[in-house]
Engineer: 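Please see the structure below; I have some questions.
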Amino acid sequence: MNHVTDLYPAELQTSYRMGFTVGEHSAGHMRRILRMSLGRGLDHLADAGGLALTELVANVVRHVPGRRCTVLILREPHGLRVEVADAVPGRCTRRPPRRSRRAGGGSCWWRG
């Protein structure tokens, strides 16, 4: 290996990052990307990671004008990190779930 021209960090081999304009059917396509990027060592995390990715993308579809987001799938030594970011200013705030709704309280609590 030539260390002079090896300018890429090692994490590029274990991560996937791309910008998307998402729609109602995008989560299924992104779950496939997640499964392909996991490889054999972390394939047991595909269901949990896919669920997190689905919820985060659904929030973009519902709440982000223009539906643009960046998805990061990062294989870490002891697990998986899934991030979905948008350019909407402000921070995510956690709200207690409403008894009248069957849905959850948002995705701010996703940490794993």
Side-chain angles (χ1 to χ4, degrees):
M1 176 182 287
N2 185 339
H3 294 283
V4 176
T5 59
D6 184 23
L7 301 176
Y8 297 102
E11 68 188 36
L12 285 180
Q13 297 172 1
T14 60
S15 68
Y16 175 89
R17 180 189 304 257
M18 183 167 276
F20 294 97
T21 300
V22 293
E24 287 79 12
H25 302 289
S26 298
H29 300 296
M30 292 192 190
R31 284 192 304 270
R32 277 190 223 92
I33 292 170
L34 173 86
R35 286 183 188 279
M36 290 186 326
S37 66
L38 286 178
R40 295 188 184 254
L42 296 174
D43 56 351
H44 63 282
L45 298 174
D47 290 338
L51 176 61
L53 187 57
T54 299
E55 292 295 323
L56 295 169
V57 169
N59 282 342
V60 172
V61 170
R62 285 187 202 111
H63 303 293
V64 175
R67 298 179 172 182
R68 292 276 314 149
C69 67
T70 300
V71 174
L72 170 68
I73 300 168
L74 180 61
R75 291 175 18 205
E76 295 183 334
H78 302 289
L80 171 70
R81 182 181 188 103
V82 176
E83 295 181 10
V84 177
D86 59 59
V88 175
R91 296 189 68 134
C92 183
T93 57
R94 184 171 184 179
R95 292 178 278 176
R98 293 184 231 153
R99 292 185 188 268
S100 63
R101 282 181 58 189
R102 299 183 93 182
S107 296
C108 287
W109 59 271
W110 287 89
R111 219 182 233 356

Engineer: Show which side-chain atoms of residues 82-89 pair as donor or acceptor with protein atoms under 3.5 Å away, not counting sequence neighbours.
Structural biologist:
from	atom 1	to	atom 2	distance (Å)
E83	OE2	R81	NE	2.4
E83	OE2	R81	NH2	3.0
D86	OD1	V88	N	2.9

Engineer: Is any side-chain heavy atom of V61 less than 4.5 Å from a side-chain heavy atom of S26?
Structural biologist: no

Engineer: Can you tell me if R75 uses its side chain to pair, donor with acceptor, with the backbone of S37 under 3.5 Å?
Structural biologist: yes

Engineer: Begin with the C-alpha distance, continue with both residues' side-chain angles, and end with the deciding distance and a verdict on side-chain contact (heavy atoms from CB on, under 4.5 Å) for F20 and M30.
Structural biologist: CA-CA 10 Å; F20 294 97; M30 292 192 190; 3.5 Å; yes

Engineer: Going by atom type alone, with no hydrogens or angles, which donor-acceptor pairs under 3.5 Å involve a side-chain atom of residues 41-51 and a protein atom two or more places apart or on another chain?
Structural biologist:
from	atom 1	to	atom 2	distance (Å)
D47	OD1	R35	NH2	3.0

Engineer: Taking the side chain as every heavy atom from C-beta outward, state whether L34 and L80 have any pair of such atoms under 4.5 Å apart.
Structural biologist: yes

Engineer: Are M36 and L53 grouped together when hydrophobic residues (ILVMFWY) are joined by side-chain heavy atoms under 4.5 angstrom apart?
Structural biologist: no

Engineer: For G66 versus T21, what's the shortest heavy-atom pair and its separation?
Structural biologist: O-CG2, 3.6 Å

Engineer: With salt bridge (Lys or Arg N to Asp or Glu O under 4.0 Å) as the rule and sequence neighbours excluded, what pairs involving residues 15-34 come up?
Structural biologist: E24-R67

